[in-house]
2 protein chains.
Amino acid sequence: MKSSGSARKSEMMLKAAQRLFAEAGYEGVSMDLVAKTAGVSKATLYAHFESKEKLFAEILEAENGRIEDGDWIPERFEGDAEGVLRRFARGMASFFVDGRGLAVYRLFVTDLHRFPELVARFHAAGPLAMRSRVARLLAQMGERGALAIDDPTVAADHLIALVQGRLPFDRSIGLPPPSDAEIERHVESAVRFFLRGYAPRNPTDRR
Amino acid sequence: MKSSGSARKSEMMLKAAQRLFAEAGYEGVSMDLVAKTAGVSKATLYAHFESKEKLFAEILEAENGRIEDGDWIPERFEGDAEGVLRRFARGMASFFVDGRGLAVYRLFVTDLHRFPELVARFHAAGPLAMRSRVARLLAQMGERGALAIDDPTVAADHLIALVQGRLPFDRSIGLPPPSDAEIERHVESAVRFFLRGYAPRNPTDRR
DNA sequence: GTCTATATGAGGATAGAC
DNA sequence: GTCTATCCTCATATAGAC
């Protein structure tokens with residue numbers, strides 16, 4: 001059962017690296033620390049990952065790729081637009097205050113420029129994929145007359161910008177997390193504003 | 001005239017550090033490089049700045065404090081709201097694509113968390129000061145009936161979020177700068193959306 | 001104040017035994 | 001594959017002469 005122990009160690013290393021990089025970024029984590037946290041020696045770590053850069057890129061790609069996992073972007077529009085948008089916005093806010101969104105945001109801004117060959121791919125798989133999914137949702141709302149959506153991609157940019165706001169920025173610079181009440185006010189204000197801008201010109205004009 | 005030479009060197013060191021830190025961040029710049037760029041020895045550099053952290057904090061405070069210098073946030077509202085907002089948005093966009101805004105944004109996200117005792121002060125002197133100034137402008141527009149502004153601070157958050165969008169984020173991760181046409185489309189779309197949301201309910205109701 | 005030379009330590013990566 | 005021990009580079013910071 002040697003290979004089983006090996007597989008377990010491999011997983012330990014990945015999990016340790018994932019957590020540490022998300023917390024402290026590329027420069028903030030040493031290979032010594034990753035090895036120690038995973039309970040292996042540095043040589044073992046290097047036997048599995050040829051360099052710190054490769055390890056980091058692998059971790060970041062995994063985190064970034066799971067950006068669509070969140071259940072906070074509905075696949076299809078069902079129900080009332082305001083309720084759907086409010087739930088979406090709440091999910092997005094916590095995603096960028098506490099969750100993977102914050103970690104990926106920080107890793108992108110802090111360290112991605114070190115890997116020029118990855119930038120375009122990761123950008124497409126992360127932020128752009130998220131926008132596409134939001135745009136699809138908004139397009140459905142537009143088709144049903146719940147919103148007056150001209151260009152769904154542009155509208156998605158607007159919605160994301162409003163809901164995201166300064167949340168990940170403020171968290172990244174070290175400000176304490178906003179309270180639930182503050183998040184709720186932020187979300188509420190963003191959604192109401194978005195609805196003002198994209199309300200259907202004639203609310204009764206539904207097909 | 002020894003003190004004159006000394007003052008010149010002091011300035012050289014500050015200018016070098018300012019440029020280098022803005023380009024490469026705290027970790028990306030060594031004291032060796034700062035000294036070499038400034039044309040002095042490392043010992044001289046340390047005679048003027050007791051540590052790299054102190055030097056960095058001094059540079060960042062100066063850059064951040066000049067955030068209000070830009071002529072792109074008018075002190076007073078004069079003319080038509082749409083034109084003022086469009087000029088403001090163009091100025092802000094280039095501030096965050098090329099200018100000091102981009103540099104400060106990156107330094108904040110990348111390195112400010114290393115100086116917990118500075119976070120609150122720098123946040124107030126930078127992002128919050130900018131928002132205050134935008135809020136004052138919007139409040140004036142509201143008072144004159146050019147916009148329907150309920151809470152100027154909230155409206156400023158919305159406007160900044162829309163205009164800033166992903167510009168500094170995309171630039172920070174290493175994407176190429178958007179073309180002038182792309183910036184113009186972005187700005188135009190943000191301003192039009194903002195105006196839709198904050199248009200006066202009754203445009204003729206001016207005092 | 002300013003220089004050259006150096007102390008000191010951290011961290012990425014590898015050698016060699018098992 | 002995994003370990004211990006080590007190499008090597010680089011970066012902060014300082015000693016000591018002028």
Side-chain angles (χ1 to χ4, degrees), chain A residues 1-60 107 110-118, chain B residues 1-60 107 110-118:
Chain A
M1 301 278 177
K2 271 183 188 174
S3 61
S4 144
S6 184
R8 221 174 23 246
K9 285 193 177 172
S10 196
E11 198 180 336
M12 295 288 288
M13 288 185 271
L14 277 170
K15 286 203 95 159
Q18 172 191 346
R19 188 171 61 81
L20 293 171
F21 279 137
E23 284 170 3
Y26 185 81
E27 302 269 9
V29 177
S30 70
M31 291 297 262
D32 260 312
L33 181 58
V34 175
K36 196 179 156 195
T37 305
V40 301
S41 78
K42 229 185 339 179
T44 300
L45 183 55
Y46 274 96
H48 286 247
F49 306 95
E50 97 184 45
S51 71
K52 185 183 178 184
E53 295 207 344
K54 286 278 167 67
L55 173 60
F56 180 81
E58 195 162 319
I59 297 293
L60 184 53
L107 293 178
T110 306
D111 298 312
L112 189 50
H113 67 106
R114 290 172 164 273
F115 307 87
E117 73 283 3
L118 301 180
Chain B
M1 302 278 174
K2 273 182 187 172
S3 62
S4 145
S6 183
R8 220 172 26 244
K9 285 192 176 171
S10 195
E11 198 178 338
M12 296 288 287
M13 288 185 272
L14 277 169
K15 285 202 97 158
Q18 172 191 346
R19 189 172 61 81
L20 293 171
F21 279 137
E23 285 170 3
Y26 184 81
E27 302 269 8
V29 176
S30 71
M31 293 296 264
D32 258 313
L33 181 58
V34 174
K36 196 179 158 196
T37 306
V40 302
S41 78
K42 231 184 337 179
T44 301
L45 183 55
Y46 275 96
H48 286 247
F49 306 95
E50 97 184 44
S51 70
K52 185 182 178 184
E53 295 208 343
K54 285 280 167 66
L55 173 60
F56 180 81
E58 196 162 317
I59 297 293
L60 183 52
L107 293 178
T110 306
D111 298 312
L112 189 51
H113 68 105
R114 289 174 164 272
F115 307 87
E117 73 284 2
L118 301 179

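Residue numbers start from 1 in every chain, and the chains themselves are labelled A, B, ... in the order their sequence lines are given, proteins ahead of strands. Note that the coordinates shown come from a computational prediction; the quantities given were computed from them, not determined experimentally.
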Polar side-chain atom of K52(A) near backbone of Y26(A) as donor-acceptor pair, under 3.5 Å: yes
Smallest heavy-atom separation, M13(A) atom then A38(A) atom, equals CA-CB, 3.6 Å
Selection: residues 23-38 of chain B, any non-hydrogen atom under 4.0 Å of DNA chain C: none
Mind checking what makes salt bridge (charged side-chain N to carboxylate O under 4.0 Å, His left out) contact with K15(B), not counting sequence neighbours? none
Find the distance between OG1 (T110(B)) and NE2 (H113(A)) and round it off to the nearest 0.5 Å. 6.5 Å
Which of parallel (below 30°), tilted (30 to 60°) and perpendicular (above 60°) describes F115(A) and F56(A)? parallel
Check each residue of residues 52-59 of chain A for a non-hydrogen atom within less than 4.0 Å of any atom in DNA chain C, then write out the ones that pass by number, or none. K52(A)
Rounded to the nearest 0.5 angstrom, the CZ-OG distance for F49(A) and S10(A) is 5.0 Å
With a 4.0 Å cut-off, would you call R114(A) and E27(B) a salt bridge? no
Measuring from S30(A):OG to K42(A):NZ, what's the distance to the nearest 0.5 Å? 7.5 Å
Minimum heavy-atom separation for L14(A) to E58(A), with atom names? CD2-OE2, 4.1 Å
Interatomic spacing from OG1 in T37(B) to CG in L33(B) - rounded to 0.5 Å: 4.0 Å
If you check the H48(A) side chain, which of dA13(D), dG1(D), dT2(C) turns out closest? dG1(D)
Per-residue pairing states of DNA chain C in dot-bracket (Watson-Crick or G-U under 3.5 Å; . unpaired, | other strand) read ||||||||||||||||||
Name every donor-acceptor pair, under 3.5 Å, that has one atom in a side chain of residues 16-25 of chain A and the other anywhere in the protein, sequence neighbours excluded.
residue: Q18(A); atom: NE2; partner: E63(A); partner atom: OE2; Å: 3.1
residue: R19(A); atom: NH1; partner: E23(A); partner atom: OE2; Å: 3.4

Output the distance between atom CG (L55(A)) and atom CG (L60(A)), rounded to the nearest 0.5 Å. 11.0 Å
Between L45(A) and M31(A), which heavy-atom pair has the shortest distance, and what is it? CD2-O, 3.5 Å
When every nucleotide of nucleotides 3-8 of chain D is labelled 5' to 3' by its protein contacts under 4.0 Å (heavy atoms), B for base, S for sugar-phosphate only, - for none, what sequence of letters results? BB----
Expressed as a whole number of angstroms, how long is the span from F49(B):CZ to dT12(D):P? 15 Å
Distance check: side-chain N/O of Y46(B) vs OP1/OP2 of dA13(D), anything under 4.0 Å? yes
